[in-house]
Protein chains: 2
Amino acid sequence: MPATVSDCINMLDSETKAVETPEDHAEELRLWLRLLTCTTLIEGEVRGRLRQRFDVTLPRFDLMAQLDKAPDGMTLSDVSKRMMVSNGNVTGLVERLVESGHLDRRTSETDRRVQVIRLTKLGRAEFRRMAAEHEIWIADLFADLTPKDVRELMRLLAKTKASAQKSAGRRRA
Amino acid sequence: MPATVSDCINMLDSETKAVETPEDHAEELRLWLRLLTCTTLIEGEVRGRLRQRFDVTLPRFDLMAQLDKAPDGMTLSDVSKRMMVSNGNVTGLVERLVESGHLDRRTSETDRRVQVIRLTKLGRAEFRRMAAEHEIWIADLFADLTPKDVRELMRLLAKTKASAQKSAGRRRA
DNA sequence: GGGAAACATTTTAGGCTTAAAGCAATTTGG
DNA sequence: CCAAATTGCTTTAAGCCTAAAATGTTTCCC
């Protein structure tokens, strides 16, 4: 409990500081740009290798990766949440992968709104083949990081994710 | 030049090690997924806020951010390299931003292949207004990180970027 | 039971993005 | 000097992606 009027003023100050005395957020901004650069760089590299080696796009690969972890299949909503993309996006992606024979899609017996998708035999075989190489590419891209670096990055990124989720929640609230 | 057959075999071994004795790259894979999750999360949040508050897309904002740092303008190639996107992408983006009055575009006097683009007065004013809020959003998204966390992340991401660039170079070579 | 709300998915309209091919201007090497 | 390579940009074709509206289905609750 604040003891004096001056204490109260100090508290107010600290809470509204960002508005009244615009702080220096340059460090966070630089961090965000660096994070984005790293991701874009690696993503572009992986995209190119997938295209050259297997003539497959990254979104297709990502979708198959989700399904590979779910032998009993997933609903489109599940996929959409996991991949953090819109529903409509998944609809189109699935459409093309069913067309090419990599996915199997059926309406749920118990809920006719729901579509359940699975990898076909072909889809699973092709994914496994691609995933094996993909894993090596990733290891190579991160090759200069020590195991300690990796652990530390994991920890800090987990903290970053939590912070961002909290902030996103604050906005939606 | 390898001197013996055994040297050759050793070279082969070291080059194909990952295939012959499959190493555990699960940690790197997890790290990559976490990196991607963080970026996607923050990027989506920023995209949504830009749309809601200013009815502007993220790529447009990014392009304007590049130009704001270059009062004398940039060529399309420069922009394309900085933003790490394809040339054709920039062409379309610039087209729309010229159309909306945010960018000024002129052919270089000295090299008629080159297009130089600049922010217009309107473009600069709007960008500055957006950037001020954007900076606060970013600070808020990273709010739970201590200054030490930020420094450490900067360091590790710099190392990651260097590692990835080296790996990308190896492939192109 | 029946209407309202919630849910899963698709559709729509518009924009973003890429790789590859094409065009024009410039630079380079013989 | 001039042909060949390079450079800067645009075009093309295809696919990715989003937000918002639309459709059909199920659940909730009175």
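Order of the sequence lines sets the chain letters (A, B, ...), proteins ahead of strands, with each chain counted from 1. Here the structure is a predicted model, which means the values were calculated and not measured.
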Between B:Met84 (CE) and C:dA19 (P), how many Å, whole number? 14 Å

B:Arg106 CZ to D:dC9 P: how many Å, rounded? 15 Å

I would like to know whether B:Ser80 and B:Asn87 meet side chain to side chain donor-acceptor pair (under 3.5 Å); could you show each step before the answer? CA-CA 6 Å; B:Ser80 155; B:Asn87 287 346; 3.1 Å; yes

Rounded interatomic separation in angstrom, taking CG from A:Asp55 and P from C:dA19: 13 Å

What string of B, S and - do you get for nucleotides 3-14 of chain C, 5' to 3', when a contact is any protein heavy atom under 4.0 Å? ----BSBBB---

Could you tell me whether the phosphate oxygens of C:dA24, OP1 or OP2, come under 4.0 Å of any side-chain nitrogen or oxygen in B:Arg112? no

Expressed in angstrom and rounded to an integer, what is the separation of A:Leu63 atom CG from D:dG15 atom P? 15 Å

CZ of A:Arg47 versus P of C:dA20: gap in Å, rounded? 13 Å

If only side-chain N and O atoms count, and only distance matters, is there a donor-acceptor pair under 3.5 Å linking B:Asp111 with B:Ser108? no

Quick one: do A:Arg60 and A:Asp62 satisfy salt bridge (charged side-chain N to carboxylate O under 4.0 Å, His left out)? Show the steps, please. CA-CA 5 Å; A:Arg60 276 160 153 96; A:Asp62 285 344; over 6 Å; no

What is the separation between atom CE on B:Met74 and atom P on D:dG8, rounded to the nearest whole Å? 13 Å

For A:Glu99 and D:dA14, give me the distance from atom CD to atom C1', rounded to whole Å. 14 Å

Protein-nucleotide distance (A:Leu50, atom CG; C:dT18, atom C1'), rounded to Å: 14 Å

If I compare all heavy atoms of A:Met154 with all of B:Leu31, which pair ends up nearest, and what's the gap? SD-CA, 3.5 Å

Applying salt bridge (charged side-chain N to carboxylate O under 4.0 Å, His left out), run through A:Asp144 and B:Lys159 and close with a yes or a no. CA-CA 8 Å; A:Asp144 286 355; B:Lys159 200 169 175 182; over 6 Å; no

B:Phe54-B:Phe61 aromatic ring centre distance below 6.0 Å: no

Starting from the 5' end of DNA chain D, give me the residue, B:Arg51 or A:Thr57, whose nearest nucleotide shows up first. A:Thr57

For A:Ser80, which contact category applies under a 4.0 Å heavy-atom criterion: base, sugar-phosphate, or nothing? nothing

Classify the nucleic acid contact of A:Leu58 as base, sugar-phosphate or nothing, counting any heavy atom under 4.0 Å across all strands shown. nothing

Within-4.5 Å side-chain heavy-atom neighbours: B:Glu45 and B:Leu141: yes

